[in-house]
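Predicted, not measured: the structure shown is a model, and the values here were computed from it. Just the heavy atoms: all of them, side chains too, but no hydrogens, waters or symmetry mates, feed the values below.
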Amino acid sequence: EPEVTQTPSHQVTQMGQEVILRCVPISNHLYFYWYRQILGQKVEFLVSFYNNEISEKSEIFDDQFSVERPDGSNFTLKIRSTKLEDSAMYFCASKGVRDEQYFGPGTRLTVT
Amino acid sequence: AQSVAQPEDQVNVAEGNPLTVKCTYSVSGNPYLFWYVQYPNRGLQFLLKYITGDNLVKGSYGFEAEFNKSQTSFHLKKPSALVSDSALYFCAVRDDTGFQKLVFGTGTRLLVSP
């Protein structure tokens, strides 16, 4: 069964550094999303991406964040200058013609 | 704005007993409701959804959910709990604006004791 994959599984970085989180969505899906989950809290929407552009973003998704789909398979989330409060689990999700979104296993980002 | 509420932080049930994890929703239009499960250090796995049709929705691993429009609820149920069902369960509603992001509840931890 096809699945969403994410790399790395765990990323440790210093405050102020740039990080890129990578995702490979399910191949025939057209809608892509990033969510995050701060430890012990609920899952929060960050951004959605469709037709090679951002379709919606939350208040969390400020100028430090960017997304792109550089080729036909990868979908990346970049944080330009990480802050301590960016420490969280980041989930990528994709959706096809059906209603449900399929989530990857997540990348745990730790900012020190 | 769409929202869901999960009133219980934790539900404890003995193996073999029926389980219910509660969820209520608030939407401006038709509700599109989902349940996801999260095992430790894992991503979110889709369990089931309600879009339209029968109020009792069947999903993966023997789970089902009952949609109740008058009570604006979408409770997750299973007739006989397994220890392996112990996990974090999230109710979510699809936002009908924009590109259909999911709005999640705060999650309910289910603990099934042997």
- Message: I'd like to know whether NZ of A:K83 has more than 12 heavy-atom contacts from other residues, nucleotides or ligands below 6.0 angstrom.
- Response: yes
- Query: Can you say whether A:E44 sits under 4.5 Å from chain B via the side chain, the backbone, both, or neither, judging by heavy atoms?
  - Reply: neither
- Take atom CD of A:E85 as the centre, draw a 6.0 Å sphere, and report whether it contains more than 12 heavy atoms from other residues, nucleotides or ligands. yes
- Within a reach of under 6.0 Å around CG of A:L84, are more than 12 heavy atoms found that belong to other residues, nucleotides or ligands? yes
- Task: Would you please test B:Q100 and A:Q101 for side chain to side chain donor-acceptor pair (under 3.5 Å) and show each step?
- Result: CA-CA 10 Å; B:Q100 303 174 355; A:Q101 295 178 25; over 6 Å; no
- Item | Hphob cluster co-occupancy, B:Y61 + B:V11, side-chain heavy atoms under 4.5 angstrom | yes
- Message: Counting heavy-atom pairs closer than 4.5 Å to chain B, which one of A:R108, A:Q6, A:Q37 comes out on top?
- Response: A:Q37
- Message: Within the 4.5 Å heavy-atom criterion, are B:Q38 and A:F91 side-chain neighbours or not?
- Response: yes
- Item | Atom CG of A:D71 with >12 non-hydrogen neighbours under 6.0 angstrom | yes
- Query: Going by heavy atoms in the side chains, are A:R98 and B:K49 under 4.5 Å from each other?
  - Reply: yes
- Task: Please indicate whether A:E59 has more than 12 foreign heavy atoms, meaning atoms of other residues, nucleotides or ligands, lying under 6.0 Å from its CD.
- Result: no
- Does any heavy atom of chain B fall under 4.5 Å from the side chain of A:Y35, the backbone, both, or neither of them? side chain
- Message: Quick check on A:N28: does its CG atom have over 12 non-hydrogen neighbours (other residues, nucleotides or ligands) under 6.0 Å away?
- Response: yes
- Value rounded to 0.5 Å, distance of CG in B:L102 from CD in A:E100: 10.0 Å
- Item | Residues in residues 104-114 of chain B that sit under 4.5 Å from chain A, counting heavy atoms only | B:F104, B:G105, B:T106
- Message: Within the supplied structure, the quantity of interest is the number of heavy atoms (other residues, nucleotides, ligands) at a distance under 6.0 Å from A:E3 CD; does it exceed 12?
- Response: no
- Item | Test item: B:F46 and A:D99 side chains (from C-beta on) under 4.5 Å apart, heavy atoms | no
- Joint hydrophobic cluster, B:Y39 plus A:V4, side-chain heavy atoms closer than 4.5 Å: no
- Task: Report whether B:F74 and B:Y36 are members of the same hydrophobic cluster (ILVMFWY, side-chain heavy atoms less than 4.5 Å apart, transitive linking).
- Result: no
